[in-house]
K.L.:
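Let me give you the structure first, and then I'll get to my questions.
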Amino acid sequence: MTSGSPAGRWRFRGVLARRRTAPSRARRRLGAAVRMLAALALAGGVYTAFAPGAFAEDNTQLSATAQEGKQLYDNSCITCHGRDAQGVTGRGPSLIGVGSASVEFQVGTGRMPMTRQEAQAEQKKPQFDKNQTKQLGQYIQELGGGPQLPSDGKFTEDLKDNPEALARGGELFRVNCTSCHGFGGGGGALSSGKYAPALHDASAETIYAAMLTGPQNMPVFGDNQLTPEQKREIITYVSVQLQQDKDPGGLFNLGRYGPVTEGLAIFGVGITILVFTSLWIAGKS
């Protein structure tokens, strides 16, 4: 069919229309993209002009105590835990969110700084005094937040003479702590070369901080698991029953279960001696 025919002319016009439509669509899409980019650039420029303080907030303003702690951190901790406590792979974890309570436990007991990488940080003589430990803790707290020790500083002072609190603390200790620390607080071995430390010399602050932060293999006992009052009752039990009254009802402290274990031990040893003595006498007669 020739282009001079009516059908040919309509086909020719359709081809021209399609050729004209395709570039126009591409131009419209390109124009829309350019307009969108221009609008985003304009919005960003306006935001930058009228809200300059939003970029200054990246540099957190530290208190005087935290600034002192930052100096200590930069001198002693930055090698393992990195700039701004972000952590260093293979050396030390991030400290963002651990809170000052974790610093009170780890640094206050000499576990940090570690002497070497091993299964568990050993307790040793602290390298920082209490004031320096507070400064380090305040720096970590302001840097990333996290659990804190009670601000009133009271742990057992108001519960030591309360027998009901002592009894509740003993029950809570037996339910939550004895599986690792033992009934007598003497500690015990765990898996992978780790262990639960003895509680005989642990201070009230150390025990409270450990419950809040869950160091090593210890679970975290937040306020939803154990209320602050229950934590204080456990500390009261440890302080009074396990630290002060070290031998309740027994002389040789066998398992710290009281006189029952010692009575059984004496009975077993005594019977054995009597049996061998009777056999010896019988052999001589």
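Below, each value reflects all heavy atoms present in this structure, side chains not excepted, and no hydrogens, waters or symmetry copies.
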K.L.:
Please report the C-alpha distance between Phe128 and Ser76 in whole Å, then the side-chain angles of each, then the deciding distance to 0.1 Å, and finally whether the side chain to side chain contact (heavy atoms under 4.5 Å, CB included) criterion is met.
P.N.:
CA-CA 10 Å; Phe128 299 96; Ser76 303; 3.6 Å; yes
K.L.:
Treating Gln132 as the side-chain partner and Leu72 as the backbone partner, does any N or O pair qualify as donor plus acceptor under 3.5 Å?
P.N.:
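Side chain of Gln132 to backbone of Leu72, a donor-acceptor pair under 3.5 Å: no, none is there.
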K.L.:
What I want to find out is whether Arg83 reaches Asp74 closely enough, with some N-O distance under 4.0 Å, to be called a salt bridge.
P.N.:
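Salt bridge flag = no for Asp74 with Arg83.
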K.L.:
So do Met211 and Met218 actually touch side chain to side chain, heavy atoms under 4.5 Å?
P.N.:
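Counting from C-beta outward, Met218 and Met211 do come under 4.5 Å.
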K.L.:
Under the 3.5 angstrom rule, does the side chain of His181 hit a backbone N or O of Pro197 as a donor-acceptor pair?
P.N.:
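At least one qualifying donor-acceptor pair exists.
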K.L.:
So do the side chains of Leu274 and Thr277 get within less than 4.5 Å of each other, counting heavy atoms only?
P.N.:
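Answer no - side chains too far apart.
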K.L.:
Does Tyr139 reach the side chain of Cys77, with side-chain heavy atoms less than 4.5 Å apart?
P.N.:
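The answer is no; the side chains never approach within 4.5 Å.
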K.L.:
May I ask you to test the Asn176-Leu226 pair for a side-chain heavy-atom distance under 4.5 Å?
P.N.:
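Yes, at least one pair of side-chain atoms sits under 4.5 Å.
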K.L.:
Is there a path of hydrophobic side-chain contacts, each under 4.5 Å between heavy atoms, that joins Leu149 and Phe105?
P.N.:
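Result: no, two separate clusters.
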K.L.:
Report the C-alpha distance between Tyr73 and Leu136 in whole Å, list the side-chain angles of each, state the deciding distance to 0.1 Å, and finish with yes or no for side chain to side chain contact (heavy atoms under 4.5 Å, CB included).
P.N.:
CA-CA 7 Å; Tyr73 178 90; Leu136 277 170; 3.9 Å; yes
K.L.:
Is there a donor-acceptor pair under 3.5 Å between the side chain of Arg91 and the backbone N or O of His81?
P.N.:
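Not at all, since once roles are kept as given, no pair shorter than 3.5 Å links the two residues.
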K.L.:
Using 0.5 Å steps for rounding, measure from the CD atom of Glu104 to the OG atom of Ser203.
P.N.:
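Output value for this atom pair is 9.5 Å.
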K.L.:
Could you check Val98 against Ile140 for side chain to side chain contact (heavy atoms under 4.5 Å, CB included), going step by step and ending with a plain yes or no?
P.N.:
CA-CA 8 Å; Val98 302; Ile140 297 301; 3.7 Å; yes
K.L.:
Whether the Ser63 and Glu142 side chains hold a donor-acceptor pair (N or O, under 3.5 Å, no angle test) is what I'd like checked.
P.N.:
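Result is yes, a qualifying pair exists.
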K.L.:
Got a donor-acceptor contact below 3.5 angstrom from the Gln141 side chain to the Ser100 backbone?
P.N.:
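Yes, the answer is positive, given that a donor and an acceptor are paired below the 3.5 Å cut-off.
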K.L.:
Say whether, by atom type as modelled, one donor and one acceptor occur between the side chain of Glu233 and the main chain of Leu166 under 3.5 angstrom.
P.N.:
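A pair under 3.5 Å: no.
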K.L.:
Is it true that atom CD of Gln67 has more than 12 heavy atoms of other residues, nucleotides or ligands lying nearer than 6.0 Å?
P.N.:
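Enclosed.
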K.L.:
Is a donor from one side chain sitting under 3.5 angstrom from an acceptor on the other, for Thr236 and Ser239?
P.N.:
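Side-chain D/A pair, Thr236 to Ser239: absent.
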K.L.:
Salt-bridge test for Glu118 and Arg116: reply yes if a basic N is under 4.0 Å from a carboxylate O, no otherwise.
P.N.:
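Here Glu118 pairs with Arg116 in a salt bridge, since their nearest N and O are under 4.0 Å apart.
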K.L.:
Sub-3.5 Å donor-acceptor pair from the side chain of Gln138 to the main-chain atoms of Gln135, do we have one?
P.N.:
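Answer holds: no.
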K.L.:
Flag yes if Ile273 and Ile281 sit in one hydrophobic cluster, no otherwise; membership is Ile, Leu, Val, Met, Phe, Trp, Tyr, and two members link when side-chain heavy atoms are under 4.5 Å apart.
P.N.:
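No.
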K.L.:
Just by modelled atom types, is the Ile96 backbone N or O under 3.5 Å from a matching donor or acceptor in the Ser94 side chain?
P.N.:
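Yes; judged by distance alone, with no hydrogens or angles, the pair exists.
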K.L.:
Got more than 12 heavy atoms from elsewhere within 6.0 Å of NZ, Lys124?
P.N.:
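Yes, enclosed.
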K.L.:
For Pro126 and Gly108, work out which heavy atoms get closest and say how close.
P.N.:
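Heavy-atom minimum between the residues: CG-O, 3.3 Å.
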K.L.:
Counting distance only, does the side-chain N/O of Asp129 pair as donor-acceptor with the main-chain N or O of Asn131 below 3.5 Å?
P.N.:
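Yes: the side chain of Asp129 pairs with the backbone of Asn131.
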K.L.:
Nearest 0.5 Å, please: how far is CG in Leu172 from NZ in Lys231?
P.N.:
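So the gap between those two atoms works out to 10.5 Å.
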K.L.:
Distance-only, no hydrogens or angles: does the Gln225 side chain make a donor-acceptor pair with backbone N or O of Gly222 under 3.5 Å?
P.N.:
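Yes: the side chain of Gln225 pairs with the backbone of Gly222.
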K.L.:
Taking atom CE of Met112 and atom CD of Gln127, what is their separation to the nearest 0.5 Å?
P.N.:
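Answer rounded to 0.5 Å: 11.5 Å.
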